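Quick notes on the structure that follows.
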Amino acid sequence: MTPPSDSTRPAGPSTPPSPEADPPPPPATVRALPGHVGGEVALSGWVQALRVHARVAFVMLRDGTGTVQCVAVRSQLSEEDWALATTLGQEACVEISGSVRADARAPGGHELALSGLRLIGPSEDFPIQRKEHGVEFLLDHRHLWLRSGIQRAGLRIRAEVEQAIHDFFYERDFVRIDTPILTGAIGESAGTLFETDYFGDPAFLAQTGQLYVESACPAFRKVYCFGPTFRAEKSKTRRHLTEFWMIEPEVAFADSDDNMDLQEALICHLVARVLERCPTELDLLKRDRAVLEKVRPPFPRISYGEAVERLNAGGRDFEWGRDLGAVEETTISSWYDRPVFVYNYPKEAKAFYMKENPDDPRTVLCNDLLAPEGYGEIVGGSQREDDLDRLQARIREEKLPEEAYGWYLDLRRYGTFPHSGFGLGLERTVGWIAGRPHIRELIPYPRLINRLTP
RNA sequence: UCCCGCGUAGCUCAGCUGGUAGAGCAGACGGCUGUUAACCGUCGGGUCGCAGGUUCGAGUCCUGCCGCGGGAGCCA
């Protein structure tokens with residue numbers, strides 16, 4: 001950042017006599033301010049709020065590392081600086097120099113006694129006021145909404161979770177595999193795919209990287225992908241995005257129980273990391289940290305059959321064989337104070353690639369992980385069908401185009417092996433950890449059924 | 001696709017059993033040494049989503065359409 005070249009500050013006693021201005025104060029960040037108490041610094045950032053009185057004005061300056069109150073006292077400023085400071089628009093970009101001091105009256109405990117400022121980029125009539133707005137208005141101004149406190153906190157937690165995911169897998173010798181986003185006709189059900197043109201042929205945006213990470217297992221044993229996922233489902237709920245980010249690990253020689261162990265370890269790692277590194281953000285979001293502290297192993301594990309029995313014992317009339325709906329999931333998660341695994345669902349309710357349960361062929365070896373507090377399913381996983389004949393039979397049962405799965409079936413022809421994996425929805429997970437009601441806030445630019453801009 | 005709800009000032013909303021449009025915030029101006037979404041005063045600001053209907057008269061009642069929100073299904 002360019003230091004001010006036209007400082008109007010009066011010369012200090014330690015400054016050698018010079019007709020020119022003082023040497024510019026060293027640039028600093030708000031986060032580093034406590035280390036500069038008593039010294040002069042220059043901060044660059046955006047005006048978050050301005051409160052003007054007759055002889056004193058307060059500029060809340062946000063620089064991306066934090067927010068600090070800058071105090072402008074009229075009697076200590078030039079007319080030009082006072083006039084500039086008291087007419088700054090919300091979100092104007094400025095460089096402010098002054099001395100750092102600790103003051104109990106200031107939010108955050110530190111403030112800057114303003115001695116000079118320079119307008120970098122003016123801002124007039126910033127659309128988002130410091131008050132409540134409707135969702136539509138805020139999403140229309142998402143590019144500006146990102147600057148607000150709750151959005152910054154949520155997105156910072158998202159970034160921390162993303163980094164924690166990479167660290168978790170790196171420490172466990174997983175190899176990251178980036179799977180394709182453009183795919184030919186392959187997937188679980190073509191109705192939920194976004195179609196696009198690929199040199200005259202139809203192509204689809206990926207709705208899962210799973211088949212690809214399965215193929216990388218024999219190469220690296222433990223792999224994961226982390227990327228955008230596209231679902232053309234016409235869902236309009238607070239749990240849905242048409243474009244979201246998913247993490248899909250795949251582990252050779254892991255069975256369904258190993259798979260749940262890994263999910264449990266990952267979730268605990270993510271929650272602990274956010275508790276450790278984002279306490280400020282959690283407090284700003286008014287997230288009850290005590291609830292998150294409870295997220296420790298082991299998570300309860302309840303089979304689909306047990307869940308149905310218990311639901312019906314509680315007065316519900318739920319038929320065995322149906323998939324659990326949102327109401328059932330909320331009920332089940334309400335029985336516990338931490339995430340709960342529901343495992344081994346009926347075959348008809350789940351995807352073709354899941355391995356048949358040898359102890360009960362009506363079911364498959366799979367699990368969902370339901371987050372507490374009604375946040376719903378954040379993970380879906382399974383042991384994969386590794387038997388060629390059974391897999392082919394399942395593809396035919398589901399009336400899927402067998403020819404599209406030729407390369408996938410090759411994995412069962414050349415050294416097939418037991419393996420398991422899962423998909424973790426990033427925004428749902430972050431939404432739950434951050435305690436936000438709608439996952440659209442946990443992705444910088446949400447893509448919803450009726451929203452593609454900004 | 002279906003169910004429920006909502007569209008009034010730049011923003012957030014009020015407006016009763018129909019009788020010619022209101023507040024707060026934002027903006028402009030003025031006041032105030034310490035504010036925390038500052039406060040006090042003054043001023044400007046409207047195709048009541050669109051179209052049709054009922055009525056002497058519609059923001060208000062009816063129909064259709066559009067937009068938005070929530071939910072179901074489906075999913076992470």
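In what follows, chains carry the letters A, B, and so on, assigned in the order in which the sequence lines appear, proteins first and then strands, with residues in each chain numbered from 1. As a basis for the values below, the full set of heavy atoms in this structure was taken, side chains included, without hydrogen atoms, waters or symmetry mates. All of these numbers come straight from a predicted model, not from anything done at the bench.
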Separation of [X] atom [atom1] from [N] atom [atom2], in whole Å?
X	N	atom1	atom2	answer
A:L88	B:rG27	CG	C1'	16 Å
A:I449	B:rG70	CD1	C1'	13 Å
A:K131	B:rG10	NZ	P	12 Å
A:H53	B:rG31	NE2	P	14 Å
A:E441	B:rG69	CD	C1'	14 Å
A:L114	B:rU33	CG	C1'	15 Å

Does [X] reach a base, just sugar-phosphate, or nothing at all? Heavy atoms under 4.0 Å.
X	value
A:V52	base
A:D323	sugar-phosphate
A:A57	nothing
A:E427	nothing
A:Q129	base
A:E248	nothing
A:G376	nothing
A:L241	base
A:I378	sugar-phosphate
A:H141	nothing

What distance, rounded to whole Å, do you find between the two [atom1] atoms, one in [N] and one in [M]?
N	M	atom1	answer
B:rU35	B:rA23	P	29 Å
B:rG71	B:rC29	P	44 Å
B:rC62	B:rC2	C1'	24 Å
B:rG7	B:rC48	C1'	10 Å
B:rU63	B:rG19	C1'	24 Å
B:rU60	B:rA72	P	33 Å

Checking contacts here: which listed nucleotide ([options]) is nearest the side-chain heavy atoms of [X]?
X	options	answer
A:V135	B:rU1, B:rU35, B:rG69	B:rG69
A:R130	B:rG67, B:rA37, B:rG70	B:rA37
A:R55	B:rC32, B:rG71, B:rA76	B:rC32
A:R101	B:rA72, B:rG34, B:rC75	B:rG34
A:F58	B:rU35, B:rC11, B:rG69	B:rU35
A:A54	B:rG67, B:rC32, B:rG34	B:rC32
A:E377	B:rG69, B:rA76, B:rU35	B:rA76
A:I439	B:rG73, B:rG34, B:rA76	B:rA76
A:H240	B:rA76, B:rA26, B:rG34	B:rA76
A:R428	B:rC75, B:rG27, B:rG73	B:rC75

- Does A:R394 reach the main-chain N or O of A:Y353 with its side chain, forming a donor-acceptor pair under 3.5 Å?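 Side chain of A:R394 to backbone of A:Y353: no pair is present.
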- Query: Just by modelled atom types, is the A:E377 backbone N or O under 3.5 Å from a matching donor or acceptor in the A:R428 side chain?
  - Reply: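 Judged by distance alone, yes, a pair lies under 3.5 Å.
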Output yes when at least one side-chain N/O atom of [X] is less than 4.0 Å from OP1 or OP2 of [N], else no.
X	N	result
A:H133	B:rA26	no
A:N450	B:rC68	yes
A:R51	B:rG34	no
A:R440	B:rG70	yes
A:R239	B:rA72	yes

- Side chain to side chain, A:L144 and A:P127, heavy atoms closer than 4.5 Å: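 Yes, side chains in contact.
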- Query: Side-chain contact, heavy-atom cut-off 4.5 Å: A:E264 with A:R301?
  - Reply: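 They are in side-chain contact.
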- Got a donor-acceptor pair under 3.5 Å from the side chain of A:S235 to the base of B:rC74?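 Check passes, donor-acceptor contact within cut-off.
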- Task: If B:rA26 has a Watson-Crick or G-U wobble mate with both distances under 3.5 Å, name it; if not, just say none.
- Result: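 Here B:rA26 is not engaged in any pair, so there is no nucleotide opposite it.
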- Paired with B:rC65: which nucleotide, if any, by Watson-Crick or G-U wobble criteria at under 3.5 Å for both distances?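 Pairing partner: B:rG49.
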- Message: Ring centroids only, cut at 6.0 angstrom: are A:F422 and A:Y224 within range, meaning strictly under it?
- Response: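 Centroid separation for A:F422 and A:Y224: 6.0 Å or greater.
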- Message: Quick check on side-chain contact (heavy atoms from CB on, under 4.5 Å): which of A:V94, A:V59, A:L50 does A:C70 satisfy it with?
- Response: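 Option passing the side-chain contact (heavy atoms from CB on, under 4.5 Å) with A:C70: A:V59.
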- Query: Is the closest basic N to carboxylate O distance between A:R158 and A:E427 below 4.0 Å?
  - Reply: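 Salt bridge present between A:R158 and A:E427.
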- Query: Could A:R176 and A:D178 be called an ion pair, given the rule that one side-chain N must be under 4.0 Å from one carboxylate O?
  - Reply: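 A:D178 and A:R176: salt-bridged.
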